[in-house]
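Atom set for the values below is all heavy atoms of this structure, side chains included, hydrogens, waters and symmetry mates excluded. Everything quoted here is computed from the prediction, not taken from an experiment. Indexing begins at 1, ligand by ligand and atom by atom, following the structure's order.
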Amino acid sequence: MTVTLNAEAITRLTERVEGAQTRGHAIPRLTEEYPAMTIDDGYAVQSALRARYLAKGHKLIGWKAGLTSKAKMIQMGVDVPSIGFLTDRMARPEGTEVSVKGLIHPRVECEVAFVTAKNLSGPGCTAADVLAATDFVLPAIEIIDSRFSGFKFDLESVVADNGSAALFVGGGRPRRVADLDLPTIGVVMEKNGEMLAFAAAAAVLGHPAEAVAMLVNILHDLGESLPAGSFVLSGGITEAIPVKPGDNVIARYQGLGSVSVRFVD
Ligand code: 0L1
Ligand code: MG
């Protein structure tokens, strides 16, 4: 870990990100004030942010891998995946209306979610370890929201902003991984009846379980592990699609059913 920021700077940045997330206002990327900030500094802010939410009674229910497909990396101009934490307050039920109130510039991503049955820890966690520890997988839509003005950001700032985590919806048909050829599963994303993106799950690091293994190894570097019963988003399979009130989004997963969300004010 190469943490260069002192404790006071980490606290200040954590309060700034928390304010932007909870009040829904955009802020300049953190590297404008701290140009030498490292990705590990970003994770130090993210860990402090997690501690603040948990102290307020939010429950940690899992983690998200982000920037795990070429489409997302190209879209965002980065070449390294990231992770973020997920809490109970971010979950929304499938098929219901999801309010975008308090979100700055929401976008949707279709992802494969994993639910674990055994603890996983790094270093050296592999995709095979992940598959052996997985209870089931299910389709999910992640609603991300970057808090940085004008979408100007960099990986250091995105990591501090918890990987743009905002809301997520799981649904479709949960399946055992042994019954699936996960990388070949096709996914189609539709908005308002128009097909906007499609890809196979292999777009996520060749196999979504690779993204979960990567996440577990980053967790190890942060002094954490992944407990049994965790919900893990493995990363957007296609590029992210902007949404606004009135939009209907449906993600169809071959053999896993579909997840839909209607966005409202
Ligand atoms: O879920 C993700 O892929 C994280 C994306 C971070 C950048 C963005 O806001 O799109
Ligand atoms: Mg995502």
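- Ion pair Glu111/Lys72 not flagged as a salt bridge, since none of the NZ, NE, NH1 or NH2 atoms sits closer than 4.0 Å to an Asp/Glu carboxylate oxygen.
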| task | Give the C-alpha distance, both sets of side-chain angles, the deciding distance and a yes or no for side chain to side chain donor-acceptor pair (under 3.5 Å) between Tyr253 and Arg175. | result | CA-CA 12 Å; Tyr253 292 65; Arg175 299 276 304 272; over 6 Å; no
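- Relative to the six-membered ring of Phe151, Arg107 meets both conditions, a distance below 6.0 Å and an angle of at most 45° to the axis.
- Taking a cut-off of under 4.0 Å to the non-hydrogen atoms of Glu109, the atoms of ligand 1 that pass are 1 (O), 2 (C), 3 (O).
- Salt-bridge check for Glu109 with Lys64: failed, with every basic side-chain N at 4.0 Å or more from each acidic carboxylate O.
- Residue Met76 has at least one heavy-atom neighbour below 4.0 Å for each of these atoms of ligand 1: 10 (O).
- At a heavy-atom cutoff of 4.0 Å, ligand 1 is contacted by no atom of Gln75, backbone or side chain.
- Contacts of Arg107 with ligand 1, taken as heavy-atom pairs under 4.0 Å, are absent altogether.
- Between Arg29 and Glu32, at least one side-chain N (NZ, or NE/NH1/NH2) sits under 4.0 Å from a carboxylate O, which counts as a salt bridge.
- Note: the hydrophobic cluster containing Leu167 does not contain Ile104 (ILVMFWY, side chain heavy atoms under 4.5 Å, direct or indirect links).
- By the 30° and 60° cut-offs, the orientation of the rings of Trp63 relative to Phe85 is perpendicular.
- Heavy-atom proximity to Ser146, at under 4.0 Å, picks out these atoms of ligand 1: 9 (O).
- Under a 4.0 Å criterion applied to the non-hydrogen atoms of Ile144, ligand 1 contributes the atoms 1 (O), 8 (C), 9 (O), 10 (O).
- At distances below 3.5 Å, at least one donor-acceptor pair connects side-chain atoms of Asn192 with backbone N or O atoms of Asn248.
- If you look at Glu142 and ask which of its N, O or S atoms sits nearest the Mg ion (ligand 2), the answer is OE1.
- Comparing heavy-atom distances from atom 7 (C) of ligand 1 across Ala165, Gly163, Ser164 singles out Ser164 as nearest.
- The distance from ligand 1 to the heavy atoms of Val158 drops below 4.0 Å at these ligand atoms: 6 (C).
- Within a 6.0 Å sphere centred on CG of Asp265, other residues, nucleotides and ligands contribute 12 heavy atoms or fewer.
- The single protein non-hydrogen atom nearest to atom 10 (O) of ligand 1 is Lys72 NZ, 2.8 Å, given as residue, atom name and distance.
- Looking only at its N/O/S atoms, Glu109 has OE1 as the one nearest to the Mg ion (ligand 2).
- Looking only at protein heavy atoms, the nearest one to atom 3 (O) of ligand 1 is Leu67 N, 3.0 Å.
- Residue-level check: among N/O/S atoms of Glu111, OE2 sits closest to the Mg ion (ligand 2).
- If you check which protein heavy atom lies closest to atom 1 (O) of ligand 1, you get Lys64 NZ, 2.7 Å.
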